[in-house]
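Some notes on the structure that comes next.
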Amino acid sequence: MERFIGIDLGTTYSSVATIDEYGKPVIVKNHNGESLTPSVIYFDEFGNTIVGSEAKELLQSGEENVAMFFKRFMGDDVFRFYAHDREYTAKELSAILLRKLKEDAEEALGGEVRNVVITVPAYFNDLQRSETVSAGVEAGFNVLRIINEPTAAAITYGISRSNNQRLLVYDLGGGTFDVTVLQITPDTIKVLATGGDHELGGKDWDDMLINCIVDQFRTEYGADPTESVEVYNDLAYDCEKLKKQLSSKESATISVRYNGMRGRYTITREKFEELTEAQLRSTKTMTEHVLEEAGLTWADLDGALLVGGSTRMPMVENWVRQMSGKEPLRGVNVDEAVSLGAAIQAGVEMQKRGSFRLGGSTSSNQQFRLVGSKKIVDVMSHSLGAVAVSEDGEKYVNSIIIQKNKPIPVTERKDFLHHTKKRQDNDLEVYLTQGESTEIRDCIVVGKYIFHGIDHISNGETIINIEYSYDENGLIVVNGTQQESHKMLQIEKVPIGDDMGWLYEKPRGKGLPLSIIIAVDLSGSMSGKPMKKAQDAAIEFIKQIDMTVHRIGIMGFANKSKMFCSSTNNQIEAQKAVSRLDCNADGVGYGNSNNPLSDSIDIFASQPDTKNILIILTDGVWSHPKDAIKSSDYCRQVGYEVVAIGFGSADKKFLERISTNSENALMTNLDNLVDSFGSIAQEISQSGGASGLKWNK
Ligand code: AMP
């Protein structure tokens, strides 16, 4: 039989459990014989680590290079912990902690333990969940599942209960707060709604005590003891102890030594409750919000289950008693309920895989048999959405696809209208979000997904059917199919990128009429067939643009430039101007010394109310490329879009340099010129020259 464990990977303490040979969930003690391992890591100068109580003690004895509370930074790509010139992410720190928990479990259970279920706060987003899975894998585990902490606690509580109950799990740990409403029936444990605060936990109660003590010391001695890291660490340690004492005593005393000064302060429970009233109020507000989302009131509940070390504080118990009018539910150990639930879930997963069976006489153990027969239905506490362009084209918004509190796994389909071009990558980029608001700044962008392999459709418009899912772990899964071809698209998840400022800007060109200048090279080499093809291409382009909205100007350039017609809404006028394009045109010359970008800039500058686009067609190398590049940089700065199409002896690199981006530079040949212009016209007129996304309705 393969061994397995459940891990409650806590902010302040972690705990490990398994199912014993009698089918009973039991805590696996660490190498010190403790049921809880402090989530604390000490690093020595050789990169060796000490994890748990010893690390916590080292911190107290003044050692630096001690990492703790790192769970709060999971999914935060900026956070780094530095020890002896090495840096660690929260995921790496979690992996170190997990590896140690694994080793201790292996020692206790007498053999390798590969399989694990790890718990996470219910409101962990996709980044935080994925990092937890990766940390588990890095630690050498086969991660069977990740499950929500309050659900795990409810499994422990509900597994042996066969009557119908509706309860609220109030889980206040060291660094996080979770509240969950669930329904237990003889066959299921179903989560109805969940919510929480990633940055609220016992540590915040400790911090209030620290502030209070420091204030008193300052008043007494005029000195701030927290200026010494060592004294601060001592104080943090002692204040946590003081807090715990106040859970059983009406008052407790703490002493602070700093630079030869010594202060002794007594804090009453009443004072402590006063100091931390705001923190408790935050949990109340959150609890009421979750009840409201579940459409329930306290009267609809059979009781509240308290989980997490911080629920030992009498203020929590009193409030829950007062609100529910009932005694808080007992029957689980607040510190152990989560890891025991994780172990039960691990047992269920192993059973599903056929790797674990309760055999012989032990199978009569009722508790565990009940587990297997209860279905767990969980929900996600964040809605899943995507960045889209608002109806009026004015801004980017969060468009919700899967509402929060839907039972997982869940899949929703939404279709995207996407523009395609010939002979180009027609990749679609989708940014996924988690959050409830339509405002992007109130949500988290959790991933950028690129859909590859989209075929060009002749009218330039295709529909991409995208399936968005939360899997059973609450992780995001995305699939895409091109509607016309039923082709499954290849999907790549890439880093979001540092510069996401564009999300808060107006989508480029959206909602504005376009003013397009078609600038055609009239140098000597264009005469004859090239000129004829260029004219055909420009005519084709004009036909495809809706000139009731957009305007076109026709420019010819060689040694000088000339407007054959200035910006017009009149299609016939523009077409006539194209037919007059000629290499012998008056005053233009035969060479390549003009810079059409500079002349276009002057024209665009006089048109502030349009989205300005310059399309250059050229067949050769220009005499003053640097001037053109300078003008192109300016265009990029002020938002004039430049598209450069080349053939013959034109230089692709140069075209890329003078275009707004490399996608706007195109090398083609005479025979394809008409098609190339046609697809550019489609792209420009349909997307407004920008790559904003629009839902298909
Ligand atoms: P957990 O993350 O569930 O292990 O909870 C750890 C938190 O519970 C820490 O902030 C502890 O200080 C806190 N805690 C543990 N025991 C008590 C207690 N008796 N009274 C108050 N807080 C406690």
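Keep in mind that what you see is a predicted model, and the values were worked out from it rather than measured. Note that ligands are numbered from 1 as they come in the structure, with each ligand's atoms numbered from 1 the same way.
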Please state which protein non-hydrogen atom is closest to atom 6 (C) of ligand 1 and give its distance, to 0.1 Å? Thr12 OG1, 3.2 Å
For atom 2 (O) of ligand 1, grab the closest protein heavy atom and report residue, atom and distance to one decimal in Å. Gly174 N, 3.0 Å
Should Gly309 be counted as touching ligand 1, given the test is an N or O pair under 3.5 Å? yes
Does an N or O from Ser310, backbone or side chain, lie closer than 3.5 Å to an N or O of ligand 1? yes
Structural part of Ser247 in contact with ligand 1, heavy atom criterion under 4.0 angstrom: side chain
Within reach of ligand 1, part of Lys244 (heavy-atom separation under 4.0 Å): both
For [X], take its heavy atoms, then give the atoms of ligand 1 lying under 4.0 Å from any of them.
| X | answer |
| --- | --- |
| Tyr13 | 4 (O), 6 (C) |
| Met313 | 21 (C) |
| Gly308 | 3 (O) |

Give the single entry among Glu336, Glu240, Lys71, Glu149 that approaches atom 11 (C) of ligand 1 most closely by any heavy atom. Glu240
Of the choices Arg312, Lys241, Lys243, Met315, which has the non-hydrogen atom that lies closest to atom 16 (N) of ligand 1? Arg312
Closer than 4.0 angstrom, basic N to acidic O: yes or no for [X] and [Y]?
| X | Y | value |
| --- | --- | --- |
| Arg86 | Glu92 | no |
| Arg321 | Glu327 | yes |
| Arg129 | Asp126 | no |

So, for Tyr170 and Val316, which heavy atoms are closest and what is the spacing to 0.1 Å? CE2-CG1, 3.3 Å
Return the minimal non-hydrogen interatomic distance between His382 and Gln434, and the atom names on each side. CB-CB, 3.9 Å
Between Tyr470 and Lys406, is there a cation-pi geometry (under 6.0 Å to ring centre, at most 45° from the normal)? no
When rounded to the nearest 0.5 angstrom, what distance separates CG in Asp206 from OG in Ser310? 7.5 Å
How are the rings of Trp298 and Trp319 set to each other: parallel, tilted or perpendicular (split at 30° and 60°)? perpendicular
Has Gly202 got any heavy atom lying under 4.0 angstrom from an atom of ligand 1? yes
